[in-house]
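What follows is a set of notes on a single structure, which appears directly below.
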Amino acid sequence: MVKIDLNWALSEAQRCLLCDDAPCFCGCPAGVNPKRFIRKLRFGNIKGAIRELRGVNVLAGSCSYICPCQNTCMGKCTSEKLSEPVNIIGIQRAICEWELANGMVEPESSSGTGAKVAIIGSGPAGLACAAELANRGHLPVVFEKGPAVGGMLRQVIPDFRLPTKMLDLEIEFVKKLGVEFQTGKDVSSPSELLKDGFKAVFIASGQGASKRSGLNGEEKNGVYQALDFLKEAKLNA
Ligand code: SF4
Ligand code: SF4
C-alpha cells in the first residue's frame, strides 16, 4: 500500500496533466478544482495549496479521508494518456496532513457586513454554511444541541476512518473565521431567532436516522440500526 506523505504527493502530482476544463472539477460535489491545488503543490507552494482547498471546501481535510472519490473527482480523471487516474484524494490528504503536522494555515480576514445569521446544527452542512457566510463578512452563530461540534462527523464516523484531530483542526479554522458556536442549545423555534435579531436562519439538522431495511424482525431486541451501532461504538471506544 502507498504511504501517503508529501514526498509521495509531490511525485504523484507530476502525473497530473493540468487539463484545460479539468474533468475532475466537474466530479467534485464540493466545487474543488483539483488542478488548482495540484499545480500549487507542484510549485512547492504548500500553504497556497491549503488555502486553495479550504477556500472552497472548509472540510477539505475530512473529505480527504471519506470522499467516495472513485465516483467523484477521480472517476472523471480518465485521460488515455494516464495509466490510472491521478490519486487526487491522496494528494489532498497529504497536503492536509502536512498542515496538521506543521500548524494551521490561518485564514485571511474579510471585511464584515455585521449581519447575524443563525445556523441550527454543526454537522458538515452547518460548518460549510458558517464558513461560507463568514468568508462573505457575515456573523454566523451555530447552535448545536449536543455537547460537541461536528455532528455525524464526530458522533458516528470511527476514528480510523476520519481522525478526530483533523476534524478538530477544521473546526478551529471555522472559529478563526469568526464563527461563534453555542453547544447544548436545542432550538425549538427557528422563527424566534429572527425576532432576536438574526437576519436569516439556516437549518442544518442533518439526517440522523438510519435507512431501514424493511426486513422482518428488525425491531427486535439485539438488532441495531447502523447509525445507532456506530454512535454507541464511538461513544464507548
Ligand atoms: S482530470 Fe486528472 S489529469 Fe486532468 S487536471 Fe484533473 S487530476 Fe489532473
Ligand atoms: S477528494 Fe472530495 S473534495 Fe477533494 S476533489 Fe475529490 S470529491 Fe472533491
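For ligands, and for the atoms within them, numbers begin at 1 and follow the listed sequence. Throughout, residue positions are numbered sequentially from 1 according to the sequence presented. Side chains are part of it too, since the values below use all heavy atoms of this structure and drop only hydrogens, waters and symmetry mates.
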Practice item. For the pair R212 and E219, find out whether any cationic side-chain nitrogen is under 4.0 Å from an anionic carboxylate oxygen. Key: yes

**Study point:** Nearest protein heavy atom with distance in Å, relative to atom 7 (S) of ligand 2
**Key:** T72 OG1, 3.3 Å

**Study point:** Any side-chain donor near an acceptor of the partner, E144 and S122, under 3.5 Å
**Key:** yes

Review point. Would you say D186 and F143 make side-chain contact, with heavy atoms under 4.5 Å?
Key: no

Check your understanding: Closest heavy-atom contact between P29 and T72?
Key -> CD-CG2, 3.9 Å

Point to revise | ligand 2 versus C69: contacting region, heavy-atom distance under 4.0 Å | key: neither

**Study point:** Distance filter under 4.0 Å to C77 heavy atoms, resulting ligand 1 atoms
**Key:** 1 (S), 2 (Fe), 3 (S), 7 (S)

Review point. Looking at CG of L177 and CG of L139, how far apart are the two atoms once the value is rounded to the nearest 0.5 Å?
Key: 12.0 Å

**Study point:** ligand 1 contacted by P34 (non-hydrogen, < 4.0 Å)
**Key:** no

Practice item. Run the numbers for me: atoms of ligand 2, each under 4.0 Å from some heavy atom of N57, listed by number. Key: 3 (S)

Check your understanding: Among G31, A60, C28, whose heavy atom sits nearest atom 8 (Fe) of ligand 2?
Key -> C28

Review point. In Å, rounded to the nearest 0.5 Å, how long is the span from NZ of K35 to CG of L17?
Key: 11.0 Å

Check your understanding: N/O/S of C73 less than 2.8 Å from atom 6 (Fe) of ligand 2?
Key -> yes

**Study point:** Residue part near ligand 1, for C19, under 4.0 Å between non-hydrogen atoms
**Key:** both

Review point. Any idea which atoms of ligand 1 are less than 4.0 Å away from a heavy-atom of P23?
Key: 1 (S)

Point to revise | atom 3 (S) of ligand 1 [closest protein heavy-atom partner, distance rounded to 0.1 Å] | key: L17 N, 3.3 Å

Review point. Nearest protein heavy-atom contact for atom 2 (Fe) of ligand 2: which residue, which atom, what distance?
Key: C67 SG, 2.4 Å

Review point. Is any side-chain heavy atom of R161 less than 4.5 Å from a side-chain heavy atom of I66?
Key: yes

**Study point:** Residues, nucleotides or ligands: over 12 heavy atoms within 6.0 Å of K145 NZ
**Key:** no

Practice item. Would you check if atom 4 (Fe) of ligand 2 lies under 2.8 Å from any N, O or S atom of Q92? Key: yes

Practice item. Find the distance between CD1 (I119) and CZ (F181) and round it off to the nearest 0.5 Å. Key: 8.0 Å

**Study point:** Distance filter under 4.0 Å to C24 heavy atoms, resulting ligand 1 atoms
**Key:** 1 (S), 5 (S), 6 (Fe), 7 (S)

